[in-house]
Amino acid sequence: MRTVAVVGASLAGLSAARSLRKQGYDGRLVVIGDELHRPYDRPPLSKEFLAGTLGEADLALETHDEDLGAEWLLGTRATGLDRTDRAVRLADGREVRVDGLVIATGAAARRLPGADGLAGVHVLRTLDDARALRDELARGGRLVVIGGGFIGAEVASTAYALGLDVTVVEVAPTPLAGPLGATMGGIVSGLHADHGVRLLCGVGVKGLSGERSVDAVLLEDGRSIPADIVVVGVGARPCVEWLEGSGVELDNGVKCGADGRTGLAGVVAVGDCANWYDPRAGAHRRVEHWTGARERPDAAVATLLAGGAVAPGVPRPPYFWSDQYGVRIQFAGHAAGADSVTVEEGAVDDRNVLAVYRRAGDPVAVLGMNQPRLFTRWRKQLAAATS
């Protein structure tokens, strides 16, 4: 291969570029990113960066002396893929002809319909999002977080520590029931009540009120929640629109094999936009976690450089962590499909818990709250059992 392009310049894209060089690729390497920023770490955006305890320089993912010998095309968006000419089309009119392609365009935060142009309404996905939200939180006031998932919970935790009045609104009866199951989702989301943060569950948002700036969140049950700041944390959509008509199969992102290969020769996908096949589950799963973006590009690059001749392995069980109200939450595996969950260590009331999810007696997932050592041991066992 004379030219390989990586479309996406965040963690997954950077990891793919590093893997290419590490695995011996010495040809032309082009990294394309729609943000102007060099690759940066996203998890701290909702925590330390938002709190002001971590600066922008601390977010850098590249070391000061790192040189991948890559051409960086930043601040320009990919708009199409011509599979006949094997060219990536860019929004500024340029084209990059490639022999190999790594799709790593990630995901974008879902927005609340009708909220565009209303001051005080935020999403949190990018560094620019975090800058804007941090400046508003510094002024204090009443914050309403729409969505009780991990990003919403982390923002609520950070804002609480900054002294804001915080309310979290979640349409589901139990926050985090999707990734953690209803039982443990309820226990983890209990952290809000532990710290005096209001949690309203089982009610949807009808809209927002305010002329130029938001002043309230309107709920579907008729209630109105006063708000000076609103953060919308209702999930993310994979950024794959630019691939429509390219021949790359799209299904909740880029549909891939167990090693990131797509249906087009010389094209693989990694990161939040990649819907990888999971042999354990017999289904495709899109994993939106830091560790997946860091680890999976190694396998995708190996199959890219081998022309698909390498037999796919079994991806490690997904792992993610969250810091809320001083509690480290760690999770590995898949809660979906588990028929039981048991607390193996600690006390629920103390939010100091190690819980194991099982299906037909076999462990399929593990959750830790302030149990890092025991969690790490169980995570290794889980990976060994499912490899």
Side-chain angles (χ1 to χ4, degrees), residues 8-10 33-37 40 42 45-46 49-50 56 74-80 90-92 105-156 158-159 162 164-172 175 200 203-244 250 252-253 272-273 286 288:
S10 193
D34 61 351
E35 293 186 63
L36 287 169
H37 311 294
Y40 59 87
R42 294 186 191 273
L45 294 181
S46 57
F49 182 81
L50 209 57
E56 291 187 19
L74 300 178
T76 185
R77 182 171 48 87
T79 58
L90 305 181
D92 60 12
T105 40
R110 297 186 185 278
R111 297 179 179 272
L112 197 67
D116 292 344
L118 197 60
V121 182
H122 299 264
V123 295
L124 182 56
R125 183 75 185 185
T126 69
L127 175 57
D128 292 336
D129 293 337
R131 285 172 173 169
L133 179 57
R134 182 185 59 182
D135 291 345
E136 288 219 40
L137 293 182
R139 294 195 287 268
R142 300 163 299 183
L143 168 68
V144 176
V145 178
I146 301 173
F150 285 105
I151 292 295
E154 289 171 359
V155 170
T158 302
L162 291 173
L164 280 82
D165 179 89
V166 183
T167 301
V168 178
V169 179
E170 169 59 47
V171 67
L200 306 179
V203 59
V205 171
K206 183 178 180 180
L208 307 177
S209 71
E211 294 185 3
R212 296 183 179 178
S213 299
V214 67
D215 59 31
V217 175
L218 308 178
L219 304 185
E220 290 181 342
D221 63 6
R223 284 180 289 176
S224 176
I225 311 299
D228 304 300
I229 309 168
V230 171
V231 173
V232 181
V234 292
R237 56 171 181 80
C239 297
V240 294
E241 298 91 343
W242 67 283
L243 292 166
E244 291 177 1
L250 304 179
N252 185 29
D272 291 1
C273 70
R286 191 163 60 85
E288 299 180 76

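No experiment lies behind these values; they were computed from the predicted model shown.
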Can you tell me how far OG1 of T79 sits from CG of L243, rounded to the nearest 0.5 angstrom?
10.5 Å

What residue pairs, at least two apart or across chains, pass ring pair (Phe, Tyr, Trp, His ring centres under 6.0 Å) with a residue in residues 120-146?
none

Please report the interatomic distance CD(E244) to CG(L250), rounded to the nearest 0.5 Å.
6.5 Å

All ring-ring contact (aromatic ring centres under 6.0 Å, His included) counterparts of F49, not counting sequence neighbours
none

side-chain contact (heavy atoms from CB on, under 4.5 Å) between V205 and V171: does it pass, once the steps are laid out?
CA-CA 8 Å; V205 171; V171 67; over 6 Å; no

What I'd like to find out is whether the side chain of L133 reaches to under 4.5 Å of the side chain of I229, using heavy atoms alone.
yes

Using the test side-chain hydrogen bond (donor to acceptor under 3.5 Å, both in side chains), find all partners of D34 that sit at least two apart in sequence or belong to another chain.
none

Would you give the length of the straight line joining atom SG of C239 to atom CZ of R77, rounded to the nearest 0.5 angstrom?
10.0 Å

Tell me, yes or no, whether the heavy-atom count around R111 atom CZ, taken from other residues, nucleotides or ligands under 6.0 Å, exceeds 12.
no

Could you pull out all donor-acceptor pairs under 3.5 Å where a side-chain atom in residues 215-227 meets a protein atom, sequence neighbours excluded?
unit_1	atom_1	unit_2	atom_2	d
D215	OD1	S209	OG	2.4
D221	OD1	R223	N	3.1
D221	OD1	R223	NE	3.4
D221	OD2	R223	NE	2.8
D221	OD2	R223	NH2	2.7

Those residues that, when tested against T158, pass side-chain hydrogen bond (donor to acceptor under 3.5 Å, both in side chains) (two or more places apart):
none

Between CG on residue L45 and CG on residue D129, distance to nearest 0.5 Å:
8.5 Å

Going through the distances and angles, do D272 and R42 end up as a salt bridge (Lys or Arg N to Asp or Glu O under 4.0 Å)?
CA-CA 12 Å; D272 291 1; R42 294 186 191 273; over 6 Å; no

Atom of V166, atom of A156 and distance for their closest heavy-atom approach
CG1-CB, 3.8 Å

Taking only distance into account, with no hydrogens and no angle test, what donor-acceptor pairs under 3.5 Å do side-chain atoms of residues 147-154 form with protein atoms, sequence neighbours excluded?
unit_1	atom_1	unit_2	atom_2	d
E154	OE1	S46	OG	2.6
E154	OE1	K47	NZ	3.4
E154	OE2	S322	OG	2.6

How long is the span from the CG atom in L162 to the CG atom in L164, to the nearest 0.5 Å?
6.5 Å

Are the side chains of L112 and V121 in touch, meaning some heavy atoms are under 4.5 Å apart?
no

Taking all non-hydrogen atoms of both residues, which atom of E136 and which atom of G120 are closest, and how far apart?
OE2-CA, 3.4 Å

